[in-house]
Amino acid sequence: MNLPLCPFTGLTMERLISHPPLMIVSDLDHTMVDHQDHENLSLLRFNSLWEYAYRRDSLLVFSTARSPILYKELRKEKPLLTPDIIITSIGTEIAFGNSMVPDHAWVESLNTDKWNREIVLEETRKFPELTLQPKTEQRLHKVSFYIDEGKGEALTKELSQLLEKRGLDVKIIYSWGKNVDVIPRGAGKGEALEYLLKKLQAEGIFPVNTLACGDSEHDAELFSIPDVHGVMVSNSQEELLKWRSENALNNLKVIHSTERCAGGIIQAIGHFNLGPNLSPRDVSEFLDCKTDNANPGHEVMRFYLFYERLRRGEIKNYETYIASFKESCLHAAVLFHPSGAEKSLRGTIDELKKCYGDKRGKKFWVWVDQVLVTNTIPGKWIVKFDKWEQCEDERKCCETTVEFTSKGGNLVWEKVKQIWSEESEVKDGNSSWIL
């Protein structure tokens, strides 16, 4: 989706007209993403909650040790939402918006005489226990290694002294019992977040509340920033829990959740009273909820949650819902299919009866991303979003525009237009893409 960009952030200015009520800053692996949850249930729960309650006026930030390259690979593997801001390579790189526009000022701030990659590489060659990680993880301000088990703590202390003697001022981060990362002292997830908060404050869009989420030693800095709420998810690493016991045990703004990964993030939203914390996927009556005319994005969420459950064969009285959605469309409502075909929207919805349960027993998910009201005129709403659909290993995505009108105080579907997204792995006109 190509949206208007803020001069410095790539944020959607038309929705950030005041201070965002909430900014979530989350690690990815084992925090937002649960690699043991092959059904992606907790991640999809978070996705629905974010798009339903927060996307229009809040900020989503991912902060990961992954390089931009490996971050993009993860996006192909998991149903991740698109963040407003992405912090990669353990806080040494910051980028904004869909296009991941880099923050050059942040990069320049790390270019000091106290950082020299060549010296780091020279000194680390003295340690046979260290093995360089793949080239994708070697960045301008990050040198990353694997280390033999059990040798991390002693080595990092010795290496730190050697680099200090060479005139460098660095951080050496030991995590997961197998990773060692060397970055400039002024870098890191905590420093990157502090830098970001200052920029948002300068732009007049400082968040009312910020929630930091993590699971490993990489994330410890996030929980040291004043006035930032924090959640260490239940599956956090021992290194991080040890850090908490030594540094933040009495900090009431930081909790250790009882739920894993994204489930722990949702739990923290409720614990700190930061806003709604009930995902539409957790509400059995969600499909029966009355549409909120103030946010037509809710109607989009409601329809596609129904669509997923229909095709998974999880709705008993699906014909009643189909009839209801048909009544929510103008008689002349039209669907512009990504194949280029123009179809009756009511007819397309009616044909969903034939699809009931066709994905039963399969890994089939539907999620929507970046649901935003992009234009409002009296009596009309235009909602833009990316609609994703995955069945087993095949993923498809369409950039979708829905036009709603108001009729008798209710929202009515008037037009749906879909075109293949550049991120879609499949871009064809076959009949497998319905709506």
Side-chain angles (χ1 to χ4, degrees), residues 22-37 40 42-43 45-47 50 59-75 77-95 100 133 137 139 142 144 171 173-181 183 187-197 210-225 228-244 247-248 253-257 259-269 272 274:
L22 177 62
M23 180 168 78
I24 285 185
V25 182
S26 178
D27 173 54
L28 289 176
D29 295 287
H30 312 289
T31 301
M32 183 63 73
V33 176
D34 188 346
H35 292 284
Q36 295 182 23
D37 179 7
N40 299 306
S42 63
L43 180 55
R45 287 175 58 223
F46 175 85
N47 289 357
W50 188 261
L59 293 174
L60 181 62
V61 181
F62 290 155
S63 183
T64 177
R66 286 179 178 245
S67 66
I69 296 170
L70 287 191
Y71 162 66
K72 291 177 182 178
E73 287 188 10
L74 184 65
R75 282 186 60 85
E77 298 168 4
K78 295 290 182 176
L80 283 170
L81 296 181
T82 301
D84 300 289
I85 305 166
I86 176 72
I87 300 170
T88 54
S89 305
I90 321 179
T92 61
E93 301 176 61
I94 302 175
M100 294 180 64
Q133 291 185 16
E137 298 311 287
R139 310 296 293 178
K142 181 173 80 75
S144 297
K171 289 180 183 175
I173 304 173
Y174 173 51
S175 63
W176 286 89
K178 62 179 181 179
N179 298 324
V180 171
D181 300 284
I183 62 176
K189 289 189 175 185
E191 282 79 359
L193 177 53
E194 288 184 305
Y195 170 87
L196 180 61
L197 287 169
T210 298
L211 175 64
C213 319
D215 74 295
S216 76
E217 188 74 8
H218 283 146
D219 308 310
E221 296 176 346
L222 296 173
F223 306 115
S224 300
I225 300 175
V228 169
H229 298 281
V231 55
M232 300 175 184
V233 292
S234 68
N235 53 290
S236 291
Q237 293 295 298
E238 285 301 321
E239 298 102 322
L240 183 60
L241 298 180
K242 179 182 177 182
W243 178 91
R244 177 177 181 253
N247 299 277
K253 283 184 171 288
V254 178
I255 65 168
H256 183 201
S257 73
E259 294 193 38
R260 293 177 55 86
C261 300
I265 298 174
I266 296 173
Q267 180 183 354
I269 293 173
F272 293 119
L274 302 179

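Counting from 1, the numbers follow the sequence of the chain as shown.
- Considering only heavy atoms from C-beta on, Asn179 stays 4.5 Å or farther from Ile173 through its side chain.
- At distances below 3.5 Å, at least one donor-acceptor pair connects side-chain atoms of Arg75 with backbone N or O atoms of Leu81.
- Within the model, atoms OG1 of Thr210 and NZ of Lys253 stand 10.0 Å from one another, a figure rounded to the nearest 0.5 Å.
- Distance CG/Asn235 to CG/Leu240: 10.5 Å, rounded to 0.5 Å.
- Comment: Asp27 engages Lys189 in a salt bridge, judged by a side-chain N to carboxylate O separation of less than 4.0 angstrom.
- Using modelled atom types, one finds no donor on one side chain facing an acceptor on the other under 3.5 Å when comparing Arg139 with Ser144.
- Residue Met232 holds its CE atom at 8.5 Å from NE2 of His256, rounded to the nearest 0.5 Å.
- Contact between Ile24 and Cys213 at its shortest, heavy atoms only, is CG2-SG, 4.2 Å.
- In this structure, CG on Leu43 lies 7.0 Å from CE on Met32, to the nearest 0.5 angstrom.
- Counting only heavy atoms from C-beta outward, the side chains of Ser26 and Ile265 approach each other to under 4.5 Å.
- Looking only at side-chain heavy atoms (C-beta outward), Glu93 and Pro68 come within less than 4.5 Å of each other.
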Between Lys78 and Asp37, does a side-chain contact (heavy atoms from CB on, under 4.5 Å) hold up when you go through it step by step?
-> CA-CA 11 Å; Lys78 295 290 182 176; Asp37 179 7; over 6 Å; no
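- Using a distance-only test at 3.5 Å, with no hydrogens or angles considered, no donor-acceptor pair links the side chain of Asn40 to the main chain of Pro79.
- Of all heavy-atom pairs between Ala192 and Ile87, the closest is CB-CG2, 3.9 Å.
- Each of Val231, Asp29, Val233 was checked for a side-chain contact (heavy atoms from CB on, under 4.5 Å) with Asp215, and the lone residue meeting it is Val233.
- The CZ atom of Arg244 sits 10.0 Å away from atom CZ of Phe223, with the distance rounded to the nearest 0.5 Å.
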Check the pair Val228, Val25 against side-chain contact (heavy atoms from CB on, under 4.5 Å), reporting the backbone distance first and the verdict last.
-> CA-CA 10 Å; Val228 169; Val25 182; over 6 Å; no
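- Annotation: side chain of Arg260 is in contact with side chain of Gln36 (closest heavy-atom distance under 4.5 Å).
- Between the CG atom of Asp34 and the OG atom of Ser42 there is a distance of 5.0 Å, given to the nearest 0.5 Å.
- Between His30 and Cys261, the shortest heavy-atom distance links the atoms O-SG, 3.4 Å.
- Using a 4.5 Å heavy-atom threshold, the side chains of Asp181 and His218 count as touching.
- Closest non-hydrogen pair, Trp243 versus Ala248, comes out as CZ3-CB, 3.9 Å.
- Closest approach of Ser257 to Gln267, counting heavy atoms only: CB-OE1, 3.4 Å.
- Residues Ile86 and Thr64 are in side-chain contact: their nearest non-hydrogen atoms beyond the backbone lie under 4.5 Å apart.
- Contact annotation: the side chain of Lys242 never approaches that of Glu217 to less than 4.5 Å [non-hydrogen atoms, C-beta and beyond].
- Side-chain contact annotation: Glu259 with Ser234, donor-acceptor N/O pair under 3.5 Å absent.
- Closest approach of His35 to Leu74, counting heavy atoms only: CE1-CD1, 4.0 Å.
- Using a 4.5 Å heavy-atom threshold, the side chains of Asn247 and Ser224 count as separate.
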